[in-house]
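A quick write-up on the structure given underneath.
Computed from a predicted model, the values in this text were never measured in an experiment. Lettering follows sequence order; numbering is per chain, from 1. Heavy-atom basis, side chains included; hydrogens, waters and symmetry copies ignored.
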Amino acid sequence: MKKTWKITALATAITIMSISVLGCGAKDNADTPASPAKESESGTEKTETEATESTESTDTAESADSGAASGDRVFTPYEETVEISSVKNLGSGVLEFPEGDSLEDNAWTRYLEETLNIKLNWNWSTNSEQYAQKVNIAITSNDIPDVMQVNSSQLKMMYDNEQIMDITDVMSENLAPYTEEVLNSDGGIALQAATFGGRLYAIPKIGSPLLTAKVLWVRTDWLEKLGMEPPKTVEDMRNLAEAFTTQDPDGNGADDTYGLAVYKDLYGSGYADLTGFFNAYNAYPSCWIEKDGGVVWGGVQPEVKEALTALNEMYNAGQLDPEFGVKDSNKVNEDVSAGRFGMMFGDFWNMAWINDAKINDPTFEWIPVAIPALNAGTPAKAQLSASTTDFYVISAECENPDAVVRMLNLQLEKSYGETAEPTVFNITPEGFGVYQYPAVALEPPMKNFTAAQKVSAVINGEAQTDTLNDEELGYYEMAVKSLDGDHTNNNWHQLKMFGPNGSLSVMFDEYWTPGNVVNDAYYAAPTETMTEKLPTLKKQQLQDYTSIILEGNMDKFDEFVINWNKLGGEEITQEVNDWYAAR
Amino acid sequence: MHKKSLGMKIFTIFNYTFLTLLALTCLLPMINQLAISFSSSSAVAAGDVGLFPVDFTLDSYKYMADKPEFWKSLMVSLKRILIAVPFSMIICVLAAFPLSRQDHEFPARKYYIWMFVVPMLIGGGLIPTYIVVRNTGLIDSIWALVLPYTVNVFNTILLMNFFRSLPKELEEAAYVDGATHWQVLVRIILPVSKPVLATVTLFVIVNHWNSWFDGLIYLNSPDHYPLQTYLQTQVVSANLMALESLRDIRQIGMISDRTGKASQIFLAAVPVLMIYPFLQKYFTAGIVMGSVKG
């Protein structure tokens with residue numbers, strides 16, 4: 001098995017060299033961890049290749065030159081057609097294509113063939129909900145396409161099985177500057193998560209950590225009725241919760257409203273999610289934070305105790321739904337839609353779920369505000385979670401790993417780069433999401449925030465619509481329709497995200513620009529003890545938090561911390577700190 | 001039956017209450033889904049819909065009517081059943097008939113039965129089964145949904161036990177008249193086995209109609225998914241934690257599309273609901289007689 005594999009690797013290396021000089025040296029480190037000897041070997045091979053390059057420069061002229069000029073890393077075609085197999089995650093709904101097009105034949109596949117001479121073959125495709133399952137089957141039955149999108153645990157599994165390729169060299173030799181810029185836009189955190197033993201094994205599908213920050217959504221029609229202001233401090237928020245509960249903000253004469261929406265798992269869903277509440281108390285219950293030169297688990301810090309005390313007081317005062325312990329976020333959403341809550345912490349998209357309620361009752365109105373500060377003057381810091389959850393891996397048996405990287409260069413360049421054609425490759429004027437068609441695709445993480453700023457500027461009359469690209473124009477048009485009273489088709493939701501003082505602007509202006517964020521301090525692949533014990537510890541944390549909120553027994557928190565450390569928490573913290581020190 | 005003791009009365013009352021509650025737990029969710037499918041989406045989002053539609057509308061059914069994926073997958077499911085039922089029935093009957101013979105007629109019968117029963121209890125597991133299906137080249141064809149389920153041991157045993165419970169004299173008379181085994185099976189046994197055949201047919205249909213996981217793993221594209229696999233993709237809510245771009249967030253709006261989901265769930269249940277009454281009269285007889293060990 002091992003031997004055949006090596007022969008294949010050798011054969012592959014030769015093939016790659018003959019097709020494109022750029023591909024060489026891709027495989028030589030694949031089966032051993034980096035070592036100085038190996039490094040120098042690969043160094044020699046590189047020099048050899050450069051020599052070959054000059055002698056063979058007649059028939060591979062174009063590709064040979066491309067090593068230097070970056071533009072050529074994007075557009076240089078292969079001499080012979082290169083076939084790449086992949087599998088497709090179609091997203092949550094049905095992937096729609098313009099008349100006559102399909103997954104096999106669309107704007108991207110045609111452009112890839114014309115421009116790079118790469119032919120894409122799809123082994124299979126399925127929707128997001130089932131995708132992970134099919135990938136698991138593919139991994140276990142060793143039925144792996146050249147390139148595939150996987151999650152972090154699948155990445156680890158494939159690395160352990162030696163099913164994926166070390167792409168350190170392929171990447172450094174083929175990456176276009178713009179692709180590199182996007183991949184490093186979070187300071188290399190995402191790339192770190194795909195690195196094992198100092199070698200890169202996957203291309204992170206980089207996300208925007210800032211999008212995971214929470215905001216506080218407040219019902220403004222209630223605020224006006226009670227003559228109150230949006231909360232700036234924790235004290236404001238507590239007073240408001242009290243007022244929303246006791247002063248009958250909906251004016252129906254019944255005591256049927258609550259201050260703050262909470263759901264049964266407290267944090268993590270992004271809707272009625274208490275992460276923002278904890279952040280207000282400088283507590284970060286679900287991530288690793290830097291403290292005193294080391295890293296600690298946010299969930300066992302004393303700040304959490306204060307937040308839980310506050311929640312218990314609010315629960316006793318009737319400001320939380322007494323039945324929150326059995327309501328999932330969908331259930332809570334029903335109550336929010338029915339007008340029972342005045343505030344909730346959550347993600348920037350939360351209004352999508354209550355857009356129907358807005359259509360029903362146009363006076364129903366919410367605004368996003370930043371997480372309130374514990375002490376006026378020192379703004380709260382928003383917790384950012386690791387946002388890169390998916391990775392593109394290249395099969396160890398892939399013959400043209402360089403082609404995958406080149407596809408990625410082309411995708412980013414034509415979607416968001418200088419020569420971008422968004423109407424062809426992003427969203428067509430008819431509304432087809434062409435951006436969903438490629439096998440490997442990234443997007444600049446801050447793109448949505450830029451869009452929000454541009455859209456807001458146009459709505460505020462500070463800029464003209466011609467400053468917007470087609471995608472932004474779509475958001476703008478929807479927001480304007482909502483301003484004109486047409487809230488259907490999620491128009492209102494778009495206004496609340498992209499419009500002036502929308503959630504994206506709040507996050508960018510209040511968290512990002514002044515640097516009021518707390519990053520998850522651990523961003524490598526999960527350690528062994530973590531995989532084994534952290535899920536249980538998290539469950540225990542949730543149970544204990546919930547019972548503390550319901551019963552108000554604060555000694556239980558200290559007990560929880562002791563148990564947490566005993567049941568593996570200490571061990572994990574040690575591992576995380578070792579990683580942190582060696583980083 | 002003339003006079004019931006007090007205890008017996010209490011027992012009966014308790015029994016009826018319990019069974020009614022049990023029936024309600026099955027029935028109420030169905031009625032609730034039906035009501036949701038006929039309600040306006042804002043009423044549903046606010047949680048106002050119980051057992052009766054609020055703001056009655058046919059919107060979700062109109063929307064369904066021009067949703068090609070739904071009809072496409074419905075056709076796949078029908079095709080699957082049309083192929084699977086005859087296949088499965090023929091093979092199961094042909095397996096059950098010899099196994100229903102007496103030991104002296106078919107001495108190795110015991111061992112053959114074990115060959116059937118052991119795999120029923122100890123399956124091959126997901127991955128080995130998947131690899132077999134892949135290596136036999138069935139991936140992405142309708143046969144991947146049909147062939148692996150052709151021999152259903154449970155159904156075969158049901159048939160076998162029913163055949164064994166038939167009076168020996170019937171077939172003995174036929175053999176005396178010079179009938180072959182085939183003639184006995186087709187002319188004598190099958191005509192008197194209608195109850196069990198109807199029952200097994202129903203099981204096969206319902207099994208194939210309801211199974212979704214095999215469609216997911218054996219088929220390469222959602223275009224080929226049978227109805228239940230398609231429904232699963234529609235009804236299971238997306239994992240919110242995995243959202244990495246605003247575009248996916250547009251699709252969150254679809255989660256509130258509960259009326260559409262409800263109408264699809266209901267439409268998918270209709271065919272089986274319609275078949276049941278017709279096979280009902282055979283059903284109880286078939287399953288009871290088939291279970292009696294001969």
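Residue pairs meeting the side-chain hydrogen bond (donor to acceptor under 3.5 Å, both in side chains) criterion with at least one member in residues 73-85 of chain B, sequence neighbours excluded, are B:Arg80-B:His208, B:Arg80-B:Ser211, B:Arg80-B:Asp214.
More than 12 heavy atoms of other residues, nucleotides or ligands lie within 6.0 Å of CE in B:Met120, so this atom counts as buried by the packing criterion. Within a 6.0 Å radius of CZ in B:Phe52, no more than 12 heavy atoms belonging to other residues, nucleotides or ligands are found. Crowding of A:Lys331 atom NZ: a count of heavy atoms from other residues, nucleotides or ligands under 6.0 Å not exceeding 12.
A:Asn123 touches chain B through its backbone: at least one of N, CA, C or O sits under 4.5 Å from a heavy atom, while the side chain does not. Proximity to chain A (any heavy atom under 4.5 Å) is restricted, for B:Ile127, to the side chain, taken from C-beta onward.
Each of A:Ala338, A:Ala138, A:Ser125, A:Ser385 has some count of heavy-atom pairs under 4.5 Å with chain B, and the biggest count is that of A:Ser125. The choice from B:Ile139, B:Ile131, B:Ile217 that makes the most heavy-atom pairs within less than 4.5 Å of chain A is B:Ile217. With respect to chain B, the highest number of heavy-atom pairs below 4.5 Å among A:Ser141, A:Ala357, A:Ser337, A:Pro445 belongs to A:Ser141.
Listed by chain and residue number, B:Phe154, B:Asn155, B:Asn207 satisfy the side-chain contact (heavy atoms from CB on, under 4.5 Å) test with B:Asn152 (two or more places apart in sequence, or in another chain).
The distance from atom CZ of B:Phe213 to atom CD of A:Gln130, rounded to the nearest 0.5 Å, is 9.5 Å. In this structure, CH2 in A:Trp124 is found 9.0 Å from CG in B:Leu216, a value given to the nearest 0.5 Å. The OH atom of B:Tyr130 sits 6.5 Å away from atom NZ of A:Lys134, with the distance rounded to the nearest 0.5 Å.
The side chain to side chain contact (heavy atoms under 4.5 Å, CB included) test with B:Leu126 singles out one residue from A:Ile137, A:Asn136, A:Thr140, and that residue is A:Ile137.
Looking at every heavy atom in both residues, A:Leu90 comes nearest to B:Pro222 through CD1-CG, 3.1 Å.
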